[in-house]
Amino acid sequence: MSEKNVSTHWADIYADKIIREKGEKEHYTCASGITPSGTVHIGNFREIISVALVVRALREKGKNVRFIYSWDDYDVFRKVPKNMPEPEMLATYLRKPITLVPDTLGRAENYARGNEKDVERILPAVGVEPEYIYQAKRYRDGKYAEGMRLALEKRDEIRTILDEFRTEPLEKDWWPVSVFSNFTDKDTTTVLDWDGEWNITYRDDETGQTETVDLRTTSCAKLPWRLDWPMRWAHEQVDFEPAGKDHHSEGGSFDTSRKMVQVFDGEAPVSFQYDFISIKGRGGKISSSSGEVVSLYDVLEVYTPEVTRYMFAGTRPNTEFAISFDLDVLKIYEDYDTCERIYFGLQKVNEKRKGKEKRIYELSQVKGMPSEPSYQIPFRHLCNLLQLHEGDIERAISTLDDMTDSQRDRLRERCKCAWNWITTFAPEDFKYRLSNENDPLVELTDQELAAVHALREVVKVMDQIENKEYTTRLYDSAKDNDLDTGAFFKLIYRIMIGKEKGPKLGPFLQTCGKEKVLSILGRY
RNA sequence: GGGCCGCUAGCUCAGCUGGUAGAGCAACGCCCUUUUAAGGCGUGGGUCACAGGUCCGAAUCCUGUGCGGCUCACCA
């Protein structure tokens with residue numbers, strides 16, 4: 001019966017692959033990382049969450065896993081980001097390490113740290129808690145001195161690998177380390193010599209000064225990116241690390257690193273290539289030219305943590321997808337709810353699909369499995385409910401059937417997101433507000449007034465009569481007063497929400513509730 | 001030029017460690033007797049880009065072709 005109970009989810013497949021290729025180990029190291037040279041955006045998040053999912057899969061197979069996240073904060077400050085205040089002042093820090101750049105947003109002691117903190121603070125909300133490694137500190141503490149020496153010793157080997165893909169071969173006097181000048185802090189330097197041991201001599205290209213430093217004690221030397229990466233694979237014994245498609249092309253940095261890692265007596269990790277993600281309904285780009293960046297914070301404004309995870313867990317890493325802020329938001333929530341229903345057996349599907357959906361649902365949870373499904377209410381209906389109550393979440397929820405405390409808590413979170421979406425991103429046609437006593441009255445003809453009065457009588461009993469009778473009498477309110485029904489409905493929408501159209505009238509009035517409707521119609 | 005990815009219903013896509021196709025929207029129809037980018041139910045619609053190959057069997061694996069896209073070759 002159950003020959004094939006194996007998960008075909010990509011996270012599980014990669015977990016298996018890691019075990020297969022790396023053998024049984026005491027523990028497995030999974031790595032991710034990025035240069036905090038700007039706001040970390042949702043595209044960068046794809047790597048973190050991808051690794052987090054594989055880490056979870058490995059742990060569920062009973063493995064010990066070390067999940068490291070590398071902040072490559074010993075990189076150079078190459079350009080001033082558009083979203084930072086005081087750009088002129090910041091420009092004076094170009095070519096220095098980003099850990100020396102002040103944070104003009106006042107978040108932290110330096111610019112890199114500011115970006116790091118933003119991420120470190122939000123990641124636990126989506127259940128991601130790696131061990132952070134700060135590369136600037138590692139280099140300055142001399143942790144990579146041996147790695148750098150190894151690179152110097154194997155200079156020719158390294159050069160050969162790099163030259164294979166370069167259009168211009170590296171220069172004759174190229175050295176595989178780069179230096180931040182002790183005179184200016186900038187990387188505008190040239191390495192002149194290496195003594196075969198621990199000392200290198202460099203020249204500051206701006207001031208012309210030269211200096212000899214000891215790799216074990218200096219805090220100014222580092223490996224260039226294409227060497228830094230494989231060196232760290234070896235240093236941390238990395239078993240798994242995915243990378244973006246820009247790195248994964250032939251001749252890209254993953255490719256050269258894989259060839260280079262032997263130089264450092266290491267082994268290339270298992271990897272996969274993840275595609276970029278785009279943004280829909282919000283200008284289109286992850287990072288607009290104005291400097292506005294879509295980050296995990298922005299996504300969590302509209303999507304709950306579970307649904308956020310769902311989008312990434314439910315999509316194969318090597319396919320591009322868009323995070324939507326437009327009407328697709330409705331569909332995403334509906335899809336998640338369907339997934340949940342399948343997980344709890346509330347919706348029947350074939351076994352194959354069920355297996356897939358269940359796994360995606362599990363991986364979407366921030367921590368632990370809920371013991372009961374959410375209070376299921378179509379997202380669209382929830383949006384209507386919230387608008388009827390002008391965003392008052394507690395009142396909106398109180399109109400619903402009984403639910404458990406945990407269901408109520410989860411629904412609250414969803415309501416916050418729904419309301420954020422309505423107020424910030426929903427299309428104008430989608431939005432409305434119930435009229436109140438301060439709104440100007442709609443001018444009515446005698447005929448129309450009579451129809452409104454007739455409607456009032458229908459509303460008074462709408463909870464007590466059959467649906468069919470209710471609808472019929474709705475129309476009769478217009479007909480009996482010689483009004484075109486279409487025009488009549490428009491009129492009611494103008495009175496109720498100040499617009500020409502709205503949600504289907506019958507159900508809409510019922511959802512509003514008798515009292516509310518009568519208080520509005522009662523003004524006429 | 002190299003590498004990678006995509007090409008499935010009108011549209012957007014899912015299905016891909018193989019067992020002769022699904023969802024949403026659109027269309028059409030029915031119902032709440034007729035309005036709505038916002039109710040409910042249902043129906044139709046696809047030689048799965050093309051050509052070969054492996055297999056009892058391929059949208060799914062392999063090879064080739066075409067079209068589209070991304071990416072690398074400077075730095076990180």
Side-chain angles (χ1 to χ4, degrees), chain A residues 4 6-10 12-13 16-17 33-35 37-38 72 74-79 95 98 135 162-168 170 178 187 222-229 243-256 272-276 278 280 314-322 324 326-328 330-332 334-335 338 349-350 352-353 356-357 360 378-381 383-384 387 426-432 466-476 478-479 484-493 497 499-508 510-511:
Chain A
K4 268 200 155 183
V6 208
S7 166
T8 58
H9 192 276
W10 56 266
D12 295 309
I13 288 174
D16 287 337
K17 187 173 184 197
I34 195 184
T35 302
S37 60
D72 300 338
Y74 208 32
D75 288 346
V76 195
F77 188 52
R78 292 160 67 214
K79 66 176 191 220
R95 305 311 317 177
I98 49 178
Q135 298 304 345
L162 292 178
D163 277 349
E164 199 183 321
F165 298 101
R166 292 176 63 92
T167 31
E168 303 272 310
L170 290 160
S178 55
D187 73 341
K222 62 168 292 199
L223 289 172
W225 166 244
R226 278 174 188 260
L227 302 183
D228 176 70
W229 206 9
K245 54 155 67 169
D246 46 340
H247 297 306
H248 256 286
S249 294
E250 192 169 80
S253 57
F254 186 91
D255 192 48
T256 55
F272 62 67
Q273 171 184 316
Y274 57 84
D275 209 318
F276 298 149
S278 56
K280 196 158 164 277
T315 311
R316 293 226 289 278
N318 64 349
T319 53
E320 185 181 341
F321 76 99
S324 296
D326 57 14
L327 278 172
D328 285 357
L330 303 181
K331 184 176 181 333
I332 299 290
E334 297 299 337
D335 287 349
T338 302
V349 292
N350 65 51
K352 192 171 175 181
R353 166 118 190 256
K356 269 196 194 320
E357 298 278 354
I360 291 171
F379 196 78
R380 176 164 251 148
H381 187 54
C383 288
N384 277 332
Q387 295 198 77
E428 281 311 310
D429 281 352
F430 195 90
K431 296 197 265 188
Y432 58 85
E466 288 292 312
N467 233 336
K468 181 161 181 167
E469 188 190 348
Y470 169 56
T471 314
T472 308
R473 291 183 57 179
L474 222 51
Y475 286 97
D476 287 345
K479 289 183 188 165
D484 173 64
T485 49
F488 175 65
F489 280 115
K490 279 190 180 129
L491 174 70
I492 300 303
Y493 287 125
I497 59 179
K499 300 179 71 157
E500 293 284 305
K501 13 178 178 172
K504 192 154 176 146
L505 194 60
F508 176 68
Q510 288 175 312
T511 309

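Values below: all heavy atoms of this structure, side chains included; hydrogens, waters and symmetry mates excluded. Quick note on labels: first sequence line is chain A, next is B, and so on, each numbered from 1.
- Shown here are the side-chain hydrogen bond (donor to acceptor under 3.5 Å, both in side chains) partners of A:Tyr74, two or more places apart in sequence or in another chain: there are none.
- Across all strands shown, A:Tyr475 has heavy atoms under 4.0 Å from base atoms, whether or not it also approaches the sugar-phosphate.
- One atom, CG of A:Leu474, and another, C1' of B:rU36, lie 14 Å apart when rounded to the nearest Å.
- Rounded to the nearest Å, the gap between the C1' atom of B:rG22 and that of B:rC30 is 24 Å.
- Taking the side chain as every heavy atom from C-beta outward, A:Leu505 and A:Ile492 approach each other to under 4.5 Å.
- Here the side chain of A:Tyr432 is nearest to one of B:rA38, B:rC16, B:rU34, namely B:rA38.
- When the P atom of B:rG2 is taken as reference, atom CZ of A:Phe254 falls 23 Å away, rounded to whole Å.
- Rounding to the nearest 0.5 Å gives a distance of 4.0 Å between OG1 of A:Thr256 and CZ of A:Arg226.
- In the set B:rA38, B:rU34, B:rC16, B:rC16 carries the atom at the smallest distance from any side-chain atom of A:Lys352.
- B:rG39 sits 30 Å from B:rA21 when the C1' atoms are compared, rounded to a whole Å.
- Note: CD (A:Glu357) to P (B:rG15) measures 10 Å, nearest angstrom.
- Between A:Ile360 atom CD1 and B:rA23 atom P the separation is 17 Å, expressed in whole Å.
- Taking atom CZ of residue A:Phe321 and atom P of nucleotide B:rC13, one finds them 13 Å apart after rounding to whole Å.
- Using a 4.0 Å heavy-atom criterion, one finds that A:Lys490 contacts no nucleic acid atom at all.
- For the OP1/OP2 pair of B:rG15 and a distance below 4.0 Å, the side-chain nitrogens and oxygens of A:Arg316 include at least one atom meeting the criterion.
- Take A:Lys479 and apply the salt bridge (charged side-chain N to carboxylate O under 4.0 Å, His left out) test, not counting sequence neighbours, and it matches no residue.
- Put simply, CG on A:Asp484 is 12 Å from P on B:rU36, counting in whole angstrom units.
- Each of A:Gln387 and A:Gly314 lies near RNA chain B, and the nucleotide nearest A:Gly314 is the one positioned closer to the 5' end.
- Only the C1' atoms considered, B:rC56 is 23 Å distant from B:rG15, to the nearest whole Å.
- Remark: A:Lys245 is not positioned above the aromatic ring of A:Tyr274, lacking an NZ or CZ atom under 6.0 angstrom from the ring centre and at most 45 degrees off the axis.
- B:rC31 sits 46 Å from B:rC50 when the C1' atoms are compared, rounded to a whole Å.
- The NZ atom of A:Lys352 lies 7.5 Å from the OG1 atom of A:Thr8; values are rounded to the nearest 0.5 Å.
- Distance noted for atom C1' between B:rA49 and B:rC7: 6 Å (whole Å).
- Stem regions annotated for RNA chain B: B:1-7 with B:66-72, B:10-13 with B:22-25, B:27-31 with B:39-43, B:49-53 with B:61-65, counting only runs of 3 or more consecutive pairs of Watson-Crick or G-U type with both contacts under 3.5 Å.
- Residues forming a side-chain hydrogen bond (donor to acceptor under 3.5 Å, both in side chains) with A:His9 (at least two apart in sequence, or on another chain): none.
- With sequence neighbours left out, the side-chain hydrogen bond (donor to acceptor under 3.5 Å, both in side chains) criterion links A:Asp75 to A:Thr35, A:Lys222.
- A straight line from CZ of A:Phe489 to C1' of B:rU36 spans 10 Å, rounded to a whole angstrom.
- Between A:Tyr475 and A:Phe489, the ring planes lie perpendicular to each other; the angle is over 60°, past the 30° to 60° tilted range.
- A:Asp163 has its side chain within reach of A:Leu170: a pair of non-hydrogen atoms, C-beta onward, lies under 4.5 Å apart.
- Comparing the P positions of B:rG42 and B:rG53 gives a spacing of 43 Å, expressed to the nearest Å.
- For B:rG46 and B:rU12, the C1' atoms lie 15 Å apart once the distance is rounded to whole Å.
- With both ends at atom C1', the span from B:rG68 to B:rG52 equals 23 Å, rounded to whole Å.
- Using the six-membered ring where Trp is involved, A:Tyr493 and A:Phe508 have ring planes that are tilted, between 30° and 60° apart.
- Residue contacts shown for A:Ile13 are absent, as no nucleic acid heavy atom lies under 4.0 Å away.
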Could you go through nucleotides 67-76 of chain B and list every protein N or O atom that sits under 3.5 Å from one of its N or O atoms, giving the distance for each pair?
unit_1	atom_1	unit_2	atom_2	d
B:rC70	O2'	A:Lys245	NZ	2.3
B:rU71	O2'	A:Lys245	O	3.4
B:rU71	O2'	A:Ser249	OG	2.7
B:rC72	O2'	A:Gly251	O	3.4
B:rA73	OP1	A:Arg226	NH2	2.8
B:rA73	O2'	A:Phe165	O	2.4
B:rA73	O2'	A:Thr167	N	3.4
B:rC74	OP1	A:Thr167	OG1	2.8
B:rC74	OP2	A:Thr167	N	2.8
B:rC74	OP2	A:Thr167	OG1	2.7
B:rC75	OP1	A:Arg166	NH1	3.2
B:rC75	O2	A:Arg78	NH1	3.4
B:rC75	O2	A:Arg78	NH2	2.7
B:rA76	O3'	A:Asp75	OD1	2.9
B:rA76	O3'	A:Asp75	OD2	2.8
B:rA76	O2'	A:Asp75	OD2	3.3

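- Atom P of nucleotide B:rA38 and atom CG of A:Asn384 are separated by 11 Å, given to the nearest angstrom.
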